[in-house]
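Just the heavy atoms: all of them, side chains too, but no hydrogens, waters or symmetry mates, feed the values below. Order of listing sets the numbers, starting from 1, for every ligand and every atom in it. Each residue takes its place number in the sequence, starting with 1.
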Amino acid sequence: MNAHSPAPPAPPIGLLVELTHRCPLGCPYCSNPLALERPGAELDGETWKRVFSEAAALGALHVHLSGGEPTARRDIVDLTRHASESGLYTNLITSGIGVGEKLTNDLADAGLDHAQLSFQGADKETNDRLGHYKGSWEKKRAFAASVIKAGLPLTINAVIHRANLHQVPAFIDLAVELGARRLEVAHTQYYGWALLNRAALMPPRKEVEESIALVEAARLRLKGELVIDMVIPDYYARYPKPCAGGWGRVAINVSPSGKALPCHAAESIPGLEFWSVRDHSLAEIWHSNPAFNAFRGTDWMREPCRSCERREIDWGGCRCQALALTGDARNADPACHKSPDHARIVATALAESESGDSGALRFRSYKTEKAEA
Ligand code: SF4
Ligand code: FES
């Protein structure tokens, strides 16, 4: 076997399930596709339970219960219990809206291991405006308190962009105040809704660099109290991220209607057929769906990736971003400085960060034509 041959895939480590695309919030950087799946298309509870059992049998270690808002599913406690009893570490990724203390306690009793709560801003006005939901600030804080009271570990997730970049220090204070063990400062990744709103969201490079320095100082100051993870913005990076840990390497996403995907944006790539968990087991999909094999390993790569020393570190970056920004998913992710498209996308980002209008956000909605703010 030469260095470029794809090895047979090891088992996936994790499963990310979008249980529903329903969500009370309207974040303008939502990672869900622009064409949201309708509630009537969602998998039933028994099928989700089978998927959890299959994931555990395949060797997966954890499941992220996500959405939309996963607690919009009436059977969320039942699903959590089954995932936990299947042996999966269960993480709830939630807006915190509609999750009262009783539901939090029921989820904890059902075996939930961890809760990840999003904040759109670090104060009431910013949070409610960017989440497009008045009163969400109080609901989120109440949910955080109920998680701590139930004895569950809490992570605060803050997606960062031009409208809230100045609040990075306040997000850190908020996470400490709420008793979180971990804070994720995630600069926006530009897919789907975020790509649609890119001109309004793109932050200036200098302020991004200042925010990175702030986080590094806070990490030292809060060592032992709060872990801070940071996702830096692709367009200002030197190298791309190993998107999804590498295509078909460590994770499976499942959409509300049951399509199994190597990453959340995979359906944006034309010509790939994604199998449904309704018709195939997860093991069949992982091993045999041609779409999972399309960008596995390094055989598919062109230059500059093919001969690059980082090809098995970042796996060429993100296929979906390569498609969106260069027109071909086989190209190097243009976040990489070796990509011939890198200078162009950095120039675009810089121009947008200076001239984009932060007031022109389009909030996530089933009705995109009415989503103008
Ligand atoms: Fe990664 Fe390709 Fe850039 Fe090398 S050339 S660092 S493999 S994206
Ligand atoms: Fe699809 Fe990065 S989002 S590979």
Suppose I only count heavy atoms of R319 and a 4.0 Å limit; which atoms of ligand 2 are within that range? 4 (S)
Within a distance under 4.0 Å of any heavy atom of Y191, pick out the atoms of ligand 2 and give their elements. 2 (Fe), 3 (S)
Decide, counting backbone as well as side-chain atoms, whether C263 has an N, O or S atom less than 2.8 Å from atom 1 (Fe) of ligand 2. yes
Kindly compute the distance separating CD (Q120) from CD (Q167), expressed to the nearest 0.5 Å. 11.0 Å
Check whether any side-chain heavy atom of H161 sits under 4.5 Å from a side-chain heavy atom of L130, and report yes or no. yes
Atoms of ligand 1 close to R311 [distance to a heavy atom under 4.0 angstrom, numbered from 1]: 7 (S)
Identify, by atom number and element, the atoms of ligand 1 in contact range of Y239, meaning under 4.0 Å from any of its heavy atoms. 6 (S)
Are Y89 and H62 an aromatic pair by the rule of ring centers under 6.0 Å? no
Which heavy atom of the protein is the closest neighbour of atom 7 (S) of ligand 1, given with residue, atom name and distance? D314 OD1, 3.4 Å
Nearest neighbour in protein (non-hydrogen) for atom 2 (Fe) of ligand 1: C305 SG, 2.3 Å
Below 30° counts as parallel, above 60° as perpendicular, anything between as tilted: where do the rings of F274 and W247 land? tilted
Pairwise distance NE2(H166) to OG(S211) - rounded to 0.5 angstrom: 12.5 Å
Answer whether the closest heavy-atom distance between the side chains of W315 and F295 falls below 4.5 Å. no
For atom 3 (Fe) of ligand 1, the protein heavy atom that lies nearest, with its residue and separation: C336 SG, 2.2 Å
Does some side-chain heavy atom of P262 sit less than 4.5 Å from a side-chain heavy atom of W286? no
Strictly under 2.8 Å, is atom 1 (Fe) of ligand 2 approached by any N, O or S atom of H264? no
Using a 4.0 Å cut-off to any heavy atom of C318, which atoms of ligand 2 qualify? 2 (Fe), 3 (S), 4 (S)
Pair S255, E37 - check side-chain hydrogen bond (donor to acceptor under 3.5 Å, both in side chains), show working. CA-CA 8 Å; S255 80; E37 292 184 3; 3.1 Å; yes
Quick one: look at P240 and ligand 1, take heavy-atom pairs under 4.0 Å, and tell me if it's side chain, backbone, both or neither. side chain
Looking at non-hydrogen atoms alone, which of C308, A332, A322 comes nearest to atom 4 (Fe) of ligand 1? C308
